[in-house]
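Both ligands and their constituent atoms are indexed starting at 1 by order of listing. Numbers for residues simply follow the sequence, beginning at 1.
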Amino acid sequence: MKRHRPRRPFIGLLTAALVATPLMTAGSPAAAGPPAPALIPKPSSQRMLPGQTFTLQSSSTVGVIANSKERTAAHKVADQLSAQLRRTTGFPLQVKQGAGTISLSTNGPSSLGAEGYQLRVDRSAVAVIAATPQGLFRGVTTLRQLLPAKADAATRQTGPWQIAGTTISDSPRYAYRGAMLDVSRHFFSVAEVKRYIDLASLYKLNKLHLHLADDQGWRIQVDSWPRLTTYGGSLEVGGTPGGHYTKADFAEIVRYAADRFMDVIPEIDTPGHTNAALASYADLNCDGVAPPLYTGTDVGFSSLCVGKDITYSFLDDVFREVAEQTPGDVVHLGGDEAHSTPHSDYLTFVPKAAGLVAKHGKRVMGWQEIAETPLPAGSIAQYWGTDDARSQDLARQAAAQGAKVVMSPANRAYLDMKYNEDTPYGQDWAGLVSVETAYSWNPSTLVPDLPESAVAGVEAPLWSETLDNVDKAEFMAFPRLPGIAELGWSQASDLNWATYKDRLAGQGSRWDALSVNFYRAPEIAWR
Ligand code: TNX
């Protein structure tokens, strides 16, 4: 076979090259070299470049091409890539300005949008092109999946570090692609949250919703109401010590997420799910008596006192301090399962609480029940139904008043549901959720007569009543979370269980390299 001399990458010609090179569809057998990797989420389009294999070498560099406004952020993306590959390859992989062996450029067409990117791998170079640093980051997550799984390990590995030649052009289906972590029922440390951010961002999720306050614990510092954390955060389910994030801790989580282009959406659940707050301040209770801390797993027994003024000065302070710590534009006020709040009180409460979130400059997000009340412009309702008529109605009511809907159907997207009867932890109130069940639905058509334009995206909640450590959390999230991520990113016409299942199988070795405690679902031929 005739070999071409390696060329220097020339970014300006990339778009032309994408079109001009002889192409082969992804998955078809290449002449030689590494197999075409199994990407999740599936990109909008991918072609293989037969006979072209890229090999990362000790002399390889990572180049950044970006205007002065975007240079710092683009360099950060390059630094993260280089740091990970340095760890496993042992190569220096110097990051520099201008073209490199791997080039990251933000000079792509604006038609790529905020998150889209193009990627080209040929025998001599790798180029990722986007219109923003965020787009570069998404492209780099694809590049990481193109490399051998061992490139994601924590320690030095042996090469070769090869990638099958390919061109990819990719952008997301939905703008909202979230993962929720319940840190109230069981507390998760900053390091554990960072780990979850790392794993979620690998699959292009862009929202981290933190469920920060519930009956069992208040987990975020509020200076004006200090007992919320010192007392209300002291325990967790089962009565073991809880914990909370100081302002510095929370800032660290927000920064870490932002470096991986995930917005943090803090949730303070109201008016139900509030026992931790009610236990901390007697005045918040209608009868003025503070209940004891709660370490069980029941829901629906607590409520803020809707008729008391102090309820709203409390929430004003809480939402102000939480909003101050949130660079993202959304704050979640809960609103679910308020079974101990009289319905007329609920209808009074939600608009007042929503008004306070809006007053502090944030869009309101809440569970589907909030759709029954008038909401400020730009609000988001989170569907958690199980195909029941009432939940579907609420989703349509949200859309009818101009709100967006994020789809978290409990019988499909709840990562705390057991996979099957033998799953050692988790719940089953919404049903058993197999890997296939979690994947096989369409966010835009799940609720009949919900206009497609109202659907902002998807989110996979991980409730932690039964998950007292991060190993258990990973076991429930993997392999289902990447499936939800694909529903959020990939085009509807590309969603196909048979082909997904095969791509999913290829993630097993990557999770082994990353030491993810995933459920080896027997229906997947893990490799
Ligand atoms: C329902 S769904 C809840 C949570 C529980 C979860 C357990 C929703 C908005 N609320 O309080 O943790 O089920 O699966």
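The shortest N or O to N or O distance between Trp429 and ligand 1 is below 3.5 Å. Here's the thing with Asp416: one of its N/O atoms is less than 3.5 angstrom from an N/O atom of ligand 1. At least one N or O atom of Asp336, backbone or side chain, sits closer than 3.5 Å to an N or O atom of ligand 1. Residue Glu337 has at least one nitrogen or oxygen atom sitting less than 3.5 Å from a nitrogen or oxygen atom of ligand 1, judged on distance alone.
Under the 30°/60° scheme for interplanar angles, the aromatic rings of Trp429 and Tyr414 are found to stand perpendicular. Aromatic ring pairs are classed by plane angle as parallel below 30°, tilted from 30° to 60° and perpendicular above 60°; the pair His211 and Trp463 is perpendicular.
Arg185 NH2, 3.0 Å is the protein heavy atom nearest to atom 11 (O) of ligand 1. Nearest protein heavy-atom contact of atom 2 (S) of ligand 1 is Tyr414 OH, 2.5 Å. Protein heavy atom nearest atom 5 (C) of ligand 1, with residue, atom name and distance: Glu465 OE2, 3.3 Å.
For the pair Gln382 and ligand 1, no heavy-atom separation below 4.0 Å is found. The closest approach between a heavy atom of Gln368 and any atom of ligand 1 is not below 4.0 Å.
With respect to the salt-bridge test (charged N to carboxylate O, under 4.0 angstrom), the residues Lys247 and Asp223 qualify. Under 4.0 Å is where a charged nitrogen must lie from a carboxylate oxygen, and between Arg527 and Asp502 at least one such pair does. Using a cut-off of 4.0 Å between Lys/Arg side-chain N and Asp/Glu carboxylate O, Asp198 and Arg195 are scored as not salt-bridged.
Of the candidates Val77, Leu136, Asn206, Phe261 forms a side-chain contact (heavy atoms from CB on, under 4.5 Å) with just one, namely Val77. Of the candidates Trp511, Tyr419, Tyr196, Phe478 forms a ring-ring contact (aromatic ring centres under 6.0 Å, His included) with just one, namely Trp511.
Across the listed options Trp367, Trp384, Tyr383, Trp463, Trp463 owns the non-hydrogen atom lying nearest to atom 6 (C) of ligand 1.
Residue-ligand proximity, Gln427 to ligand 1, at heavy-atom distances under 4.0 Å covers atoms 7 (C), 14 (O). Near Met417, meaning under 4.0 Å from one of its heavy atoms, ligand 1 places the atoms 14 (O).
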Verdict with supporting geometry, Lys204 and Thr142, side-chain hydrogen bond (donor to acceptor under 3.5 Å, both in side chains): CA-CA 9 Å; Lys204 299 183 170 58; Thr142 300; 2.7 Å; yes
